[in-house]
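Order of the sequence lines fixes the chain letters, A, B, ..., with proteins taken first and strands second; residue numbering starts at 1 for each chain. Predicted model, so just to flag it, every value in this text is computed and none were measured.
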Protein chains: 2
Amino acid sequence: MRKIRKFSAPEPSMRRLPAYLHVLTRLLRENRLYVSCTFISNELYLDPTQVRKDLALTGIVGKPRVGYSVEELIDKIKAFLGWDVQRNAFLVGVGNLGTALLGYQRFRLYGLNIVTAFDKDPRRIGKTIFGVDVLHVDKMTNLALRNKIDIGIITVGEDAAQEVADLMVQGFIKGIWNFAPKTLIVPDDVIVENAQLSVSLGVLTSKMKLSQTEKNMV
Amino acid sequence: MRKIRKFSAPEPSMRRLPAYLHVLTRLLRENRLYVSCTFISNELYLDPTQVRKDLALTGIVGKPRVGYSVEELIDKIKAFLGWDVQRNAFLVGVGNLGTALLGYQRFRLYGLNIVTAFDKDPRRIGKTIFGVDVLHVDKMTNLALRNKIDIGIITVGEDAAQEVADLMVQGFIKGIWNFAPKTLIVPDDVIVENAQLSVSLGVLTSKMKLSQTEKNMV
DNA sequence: TATTATTCGTGAATTAATTCTCTATTGGAG
DNA sequence: CTCCAATAGAGAATTAATTCACGAATAATA
C-alpha cells in the first residue's frame, strides 16, 4: 500500500539529504545510471537502512538488485527539499557574511535567487554587489509585497534582527533564514530556520574537548 | 550522587547551548543575577525540563525557587562548549565565504583565533585580509606542525576539500570545520564538523514546501 | 532454466531524546 | 513562625530515530 505523504519529516533525515545529493551529482557526472543504498552508505559512513528510509521520504522506488536511478533520485531529492522551484529572496545586512552570501554561486543549484539586498548604512546603500542592488531597509516591506518574495535572509547583528524579522513578516515573507545570534518571534505561519555559525562551531569545539578529556583518562 | 562526566552528549543538546548563551549574555548586560529554566524556556520556546537537562550537562547546580547564577551558568556553558580556551586555527580557501569568516569578529567570543589563511590562487597570496596573512597552501602543513594549530577551516570548493583535509591531518590538526559540500575522509582521532549552508537552506525550503502542501489540503 | 547473490522494502526491536510526574528545597508573604 | 508558591532535580513514561531481521524481487551466472 502506498503511504500517504506526511506533513513533516524527521529533521535528521532532512539534514542528510543534501549529502546524498553531493554523491549523486558526482555519480551523474561519471555517467552512472543506478546506485544502491549500500554504495551511498559506504560513501557517507551511514547505515544502509538509514539511507533507504531517508530516500523513501522522497517517494523514490528502487529496483531490487539494481538500486535507484541516479537521475530520478536527484530529481526526487531536489523536489523533496523544495529545490525544484525558484524562490525569490531578500537579504538584509550587507556585512561580511551578507556579502559572502550574495556571491555564493551555488545557491542557484538550490533554487535560491537573491533579488535585492538591504542595509541601513548609507555607505552601503546604492552599491551593487555581485550584481545585486543594495537599498535602504525601509524600502524592503513594500518591495516584498509588490514582488512576492518567498525568503528573507537576515545577516544583521543580534540587535537589529527582530526588527528586520518584523518587517519581513509585514512584507508577507513566509520563510526566514536567520544568521543572527537571536531567537526570532514570528507568527505561526512563518518558518524560521536558524543558521548560526556558533552552533556548528560549538559542536566541533565541544567534541574536541570531550575527546581530549577521554584521552586524559586512558 | 554526583554523576560522572560523560564522554559524549546528545547533539541536539549541544546545538541548543549557544542559544542559551545568547539569552544569558543579554541578562548579564541587564545585571540580572539569577535565571530560572522557566524563564529561558519561555524566551526560546522550549520545554523547561529540556532546558534543565541541557543545562545539567554543564555541571551547573541551581537553587530551588531562585534558579541558576547567570554568571556561573555562562561560564559553565562556555566551558562545556570548549569556548573557555583559545584555539588557533588555519583557514584554507579565501573566497567569499572564507573572507567573511576572516572578518567575523564574533569568533573571538568563542575562543577561535584564525592565525593564518591559505589559498592556491596567486592573486590572493601575499594579501592581508582583516589582519590575517594569506599564504600559499603548500606552506600550511609545516606551519601547522610548528605552531600547534587546533582547528582547520575548509572554505575551498568541493574538488579541493579532501586534498586540503589531508594536508591538515598531516599537520596534526585534530579538528576540521568543513564548509565544502563534500564528506571528508579522516583518521578516527580527527573530528570533522560539517557546516554546509545547503543543509540549513534545505531544512527551510523543505519545511516551506511541506507547509504549502498542508495548506492545499485544508 | 534453475540457482545464487544482491538489493529493496517493511515491520520489529532497540536506542536516543523528549516530556511528564513527583519530591525536596527554599525564599517570601502572611 | 508557618504556609505558600516557585523551582531544581531525578526517575518514569512517552515519543522519535536508528538499527536489526527477514521476505520478495530480480539480474547475473552456471
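- Rounded to an integer number of Å, the gap from B:Leu73 CG to D:dA8 C1' is 13 Å.
- Looking at A:Lys174 and A:Asp150, no side-chain N of the basic residue comes within less than 4.0 Å of a carboxylate O on the acidic one, giving no salt bridge.
- When the C1' atom of D:dA16 is taken as reference, atom CZ of A:Arg15 falls 16 Å away, rounded to whole Å.
- Rounded to the nearest 0.5 Å, atoms CD (B:Glu193) and CH2 (B:Trp177) are 8.5 Å apart.
- Taking the six-membered ring for Trp and the full ring otherwise, the centers of B:Tyr34 and B:Tyr68 sit at least 6.0 Å from each other.
- Atom CG in A:Leu57 sits roughly 10 Å away from atom P in D:dA17 (whole-Å rounding).
- Residue B:Tyr34 places no side-chain N or O under 4.0 Å from the OP1 or OP2 atom of C:dT26.
- Contact check on B:Lys207 versus A:Glu11 returns a salt bridge, with a Lys/Arg side-chain nitrogen under 4.0 Å from an Asp/Glu carboxylate oxygen.
- The distance between atom CE of A:Met14 and atom C1' of D:dT18, rounded to the nearest whole Å, is 17 Å.
- Take the nearest nucleotide of DNA chain D for B:Ala56 and for A:Pro12: the residue whose nucleotide is more 5' is B:Ala56.
- Against DNA chain D, the stretch residues 41-53 of chain B makes heavy-atom approaches under 4.0 Å through B:Arg52, B:Lys53.
- Both tests pass for B:Arg32 against the ring of B:Phe39: distance under 6.0 Å to the centre and angle within 45° of the axis.
- Taking every side-chain heavy atom of B:Cys37 into account, D:dA8 is the closest of D:dA8, D:dA17, C:dC8.
- At whole-Å resolution of the value, CZ in B:Phe39 and C1' in D:dT7 are 15 Å apart.
- The side chain of B:Ser13 has C:dT18 as its nearest neighbour among C:dT18, D:dA17, D:dA8.
- Distance CD (B:Glu11) to P (D:dA17): 14 Å, rounded to an integer number of Å.
- We find that B:Arg16 and B:Asp54 are joined by a salt bridge, their nearest charged nitrogen and carboxylate oxygen being less than 4.0 Å apart.
- Applying the 3.5 Å distance criterion, the base of D:dA5 shares a donor-acceptor pair with the side chain of B:Arg65.
- By the 4.0 Å N-to-carboxylate-O rule, A:Arg26 lies too far from B:Glu158 to be salt-bridged with it.
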